[in-house]
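A short worksheet on the structure shown next.
Heads up: numbering here begins at 1 and tracks the sequence.
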Amino acid sequence: MAEGSRYLDWGKEQLADHFGVDPAEGLTETAAKKRRNQVGPNRLTEGSSLSPAVLLLNQFKDFMVLVLLAATLVSGLLGEYTDAIAIIAIVVLNAILGFVQEFRAEKSLTALKELSAPMARVRRGGEWKRIPAADLVPGDLVSLESGDRIPADLRLIQADNLYIEESALTGESVPVSKTDQPIQGGKVPLGDRKNMGFLGTMIVRGTGTGLVVATGMQTEMGKIAHLIQTTETMQTPLQNRLEQLGKVLIIVALFLTAVVVLTGIVHGHDAYKMFLAGVSLAVAAIPEGLPAIVTIALALGVQRMIRRRAIVRKLPSVETLGCASVICSDKTGTLTQNKMTVTHLWLDGHQVEVSGSGFEPTGEFTSGKRKLVPKREPVLNRLLEIAVLCNNAELIRENTREGMLKRKQESWRVDGDPTEGALMVLGAKGKVTRESVMKQWKRVKEFPFDSERKMMSVLVENRQGQQMVMAKGAPDVLLNRCTHILQGGRPTPLTPSMRQKILSNNNQLAAMALRNLALAYREWSGVQPKQEADMEKGLIFVGLAGMIDPPREEVKDAIRKCRRAGIQTVMITGDHQTTAVAIAKQLGILTDDGDTINGNEISRMSDEEFEKRAKTIRVYARVSPEHKLKIVKALQKQGHVVAMTGDGVNDAPAIKASDIGIAMGITGTDVSKEASSLVLSDDNFATIVAAIEEGRSIYDNIRKFISYLLASNVGEILVMFLAMLAGMPLPLVPIQILWVNLVTDGLPAMALGVDPAEEDTMDRPPRNSRESVFARGVGWKIISRGLLIGLFTLAAFWVSYNEAPDDLVRAQTIAFSTLVLAQLIYVFDCRSQLSIFHRNPLSNLPLVLAVASSALLLLVVMYYPPLQPIFHTVSLGVREWALVIAAASMPTLLAGVVDLLRPARRPAHG
Ligand code: ATP
């Protein structure tokens, strides 16, 4: 029998025996470790990325660098050894710099990829644990939930309403219904192996458990791994635009260089020397370092985001973050803490208060002044039974040692959905636990919760074979499926007035910001239902459970920050409108000018009507995931750049359609994460705002070093260009030009890439996404500063040359040091959108160090005698230094003053 069909007809015991696993306990950690060493990680091997050697060699592939090397070789052959060796040394240094930049960029990108590696929920040593999917081994028991990607090849040993979409493997996009029963019949094609789950396929509905039978390259997906394209384009729009710009700049630089060379020759300069100077100028003027520095700025920014708990999955979103003008956020868990506690019940015609806090299962039930004992109250007892049986969460007791004396402390934790956890705690407070109810009832079937239908149900059976349906869900939904109500222990028909009474009590609880669930049941006999609709009808309403879910502390501030930054916050929730409004008001999302709406109203509206309303709506309640897509589109139509959060399978389309799709790291499904561009590792709204702040500052920094690099290049070309036009001697020799380039493309530019954010980063409106990178002052800065740097350098050269026309080396040293110094001063000017006077120059220490070391290097090549002939420099005196310093600081000072006098601009972020 083919290997893949091998386990199809095996029973559960045979499987467990074969894989040496106890189905109740799972593998032990030691056994798992041993197997992992034998079979290797559960990972598909990918094509390797560029090796460091190739990356280094690539640095010499640039056409102009090759021309320069060839020209240098010729000059070496002609006897100019020192020049030739020095130039080659600088070219090599430049290549090493480029290599280091690109290597770092590549490494950070790989690190990012590893961060978003998939996880799996596995049974090990008797406990459910979340581990990286790469650590799974054959024999592991894995729990499966809708929205997960299957983490390895599995034989299903339990499947509840489980549907898996296997198109990645079979091409069939209709989800396949799965079973846990053995399948007979020998060789079965992939698409018909209904008791198997395959690595990489997606669970669209239901729950289950699977036993890992193959991992990594042994899986069905592994067998076709070479067919799957894994490369993803990681270029951001800005990187693409800069690449285009780079091409234009190459042409401009080459053209200007050609003009410089020709005018030089016309004015009687030596043709060969002019050629070498021209090629050096071209190498210097082409900003070949730009793409690598952009990547580094992005990658380092992304690492800062990780420290603030936002994981970027798609690099382009870093840029889009700065443009976000509205954040649509889920309520539960993102704006609130998702630490639910049931505080109120409504049953049998009266309200019951439940004391206690957190997950600690101690508390009392009181109605008015009367203390209730659940065992003696049939309605309350039934409610607690449903709460515990129609539930997949686990309440776990943990012993920890705390404090100085390391005293033993008992703490409680919930594994699973916090809403269900709160119900387990509720049950335990009334002494109804899973162990106690399981003595009487066992679960036969489950129709799981999903946020579309907003309810779930289970079929349970007792020893006598008596069956019962137990259901819980959103009160308004569940009530529609009820025909009776449990009163005084007996089901009575549900009258319209009683229905009204339940809804109004539901409303009262919701107005207290409580999240409500209704619980119901019915007796069942006969055949097992195939569809949920068969079972979830004719129910007997038992009661309501209202739970608090406190807002996250830090969210209020984050929302205030958004308001200042011109970003709107919108709450989207599956919860009841009244609950949503109460919390939105507490958080400051809903103020007087805001509007609210619920899913039913949205469904009734035309697209045009809805788009108009969407302008003012701040709270969307009782929405289904499908509404989210409508909301994204309406907001985008109004010109908004939309950030949208989501966690479920059905949220994926809206996440994908939004400009910044955000998934939850803790509670999010694999599918939502894959659709997203940003994952919040703490599920927290405040993290989105932190990421936007970082996004804005990263983009700012990119604009800063673009201003720096390009203005410096303009200055360099201009000095040479104007000198040749005016018939002057060469103001800079090739080695000097190359050295200037090394200094400018090097440390100071990189230090600008990590410049701390300006104080007003979150006080400006969002950037327009269509805006050019040169907008709002950058273009002006490049031209004005570039022009001034060129002019003043030339002026300094001219003054010195006029004084001593036969000491050209001195004049060249002055031009060289003025140019370097002017750029080192100008770099501080680039840190602010306004002018150099707006920021403390010492607040970026790496930049200060970069500038100081560059200045030191300048002094070394000027004053260290062995280097003087190589760099064509001489030592300068005080008077000459005064000239250099004055000429070097003028461009920045002069332009700064002019900018100060211009009418105040309040720039958008950028
Ligand atoms: P958000 O979209 O902000 O995360 P939410 O978590 O309240 O909001 P859903 O999870 O879609 O949204 O829940 C919608 C409603 O379904 C809830 O108000 C609740 O009444 C009900 N509900 C939530 N969880 C369960 C569950 N596990 N079983 C049954 N009903 C549930």
Side-chain angles (χ1 to χ4, degrees), residues 324-344 346 351 353 357 418-419 422 451 454 474-476 503-517 544-602 610 613-623 627-628 631 634-635 640 642-646 662 683-689 692 762:
S325 60
V326 51
I327 309 174
C328 300
S329 172
D330 282 341
K331 170 178 74 69
T332 313
T334 312
L335 295 167
T336 65
Q337 297 180 12
N338 217 0
K339 284 196 185 133
M340 312 229 194
T341 317
V342 177
T343 57
H344 289 75
W346 186 84
Q351 220 179 66
E353 282 177 24
S357 67
T419 304
S451 42
K454 298 187 172 49
D476 31 340
L503 287 177
S504 95
N505 274 285
N506 180 42
N507 238 334
Q508 266 181 33
L509 294 180
M512 294 154 63
L514 297 180
R515 172 184 169 82
N516 298 335
L517 282 182
L544 298 170
M547 46 193 92
I548 49 161
D549 178 16
R552 286 179 183 267
E553 309 263 329
E554 57 281 28
V555 165
K556 225 170 162 175
D557 269 349
I559 288 172
R560 215 173 292 134
K561 208 176 208 178
C562 282
R563 197 163 286 222
R564 280 207 316 273
I567 304 165
Q568 243 174 48
T569 314
V570 169
M571 176 194 278
I572 300 184
T573 177
D575 218 338
H576 194 270
Q577 194 160 354
T578 317
T579 313
V581 165
I583 293 185
K585 279 189 177 153
Q586 283 177 17
L587 287 172
I589 291 178
L590 191 62
T591 45
D592 295 341
D593 55 349
D595 200 357
T596 68
I597 197 171
N598 65 41
N600 282 340
E601 290 176 73
I602 302 179
F610 177 61
R613 279 280 303 275
K615 253 185 219 159
T616 50
I617 297 172
R618 297 290 176 268
V619 177
Y620 294 86
R622 273 287 186 261
V623 291
H627 292 128
K628 281 189 166 180
I631 298 170
L635 290 170
H640 276 297
V642 184
M644 166 68 86
T645 70
I662 303 171
D683 290 11
N684 189 343
F685 176 84
T687 304
I688 306 175
V689 184
I692 291 183
M762 289 300 271

To the nearest 0.5 Å, atom CD of Gln568 lies from atom SG of Cys562 at 10.5 Å
Here the pair of heavy atoms bringing Ala511 nearest to Ala582 is O-CB, 3.9 Å
Backbone N/O of Gly333 and side chain of Asp683: donor-acceptor pair under 3.5 Å: no
Rounded to the nearest 0.5 angstrom, the CD1-CZ distance for Ile559 and Phe685 is 5.0 Å
Test side-chain contact (heavy atoms from CB on, under 4.5 Å) applied to Leu335 and Ile589, Thr573, Ile583, Asn684, the passing residue: Ile589
Pairing residues for Ser451 by the side-chain hydrogen bond (donor to acceptor under 3.5 Å, both in side chains) criterion, not counting sequence neighbours: none
side-chain hydrogen bond (donor to acceptor under 3.5 Å, both in side chains) against Gln337, all qualifying residues, sequence neighbours excluded: none
Holding to side-chain hydrogen bond (donor to acceptor under 3.5 Å, both in side chains), I want the full list of residues that pass it with Thr578, two or more places apart in sequence or in another chain. Asn507, His576
Closer than 4.0 angstrom, basic N to acidic O: yes or no for Asp330 and Lys628? yes
List for me each residue that meets salt bridge (charged side-chain N to carboxylate O under 4.0 Å, His left out) alongside Lys339, sequence neighbours excluded, and say none if there are none. none
With rounding to the nearest 0.5 angstrom, report the CD1 to CD1 distance, Ile327 to Ile688. 5.5 Å
For Val555 versus Thr334, what's the shortest heavy-atom pair and its separation? CG2-O, 4.0 Å
Quick one: pull up CE in Met547 and CG in Leu517 and give me the separation to the nearest 0.5 Å. 4.5 Å
Kindly give the heavy-atom pair with the smallest separation between Pro418 and Asn338, and that separation in Å. CB-O, 3.2 Å
Candidate list Asn598, Val619, Ile597, Asp476, test side-chain contact (heavy atoms from CB on, under 4.5 Å), partner Gln577, passing option: Asn598
How long is the span from the CZ atom in Arg622 to the NE2 atom in His627, to the nearest 0.5 Å? 12.5 Å
Going by salt bridge (Lys or Arg N to Asp or Glu O under 4.0 Å), name the pairs with one or both residues in residues 565-583, residues two or more places apart or in two chains. Lys331-Asp575, Arg515-Asp575
Under the rule for side-chain hydrogen bond (donor to acceptor under 3.5 Å, both in side chains), what residues qualify as partners of Thr579, not counting sequence neighbours? none
Nearest 0.5 Å, please: how far is CE in Met512 from NE2 in His344? 3.5 Å
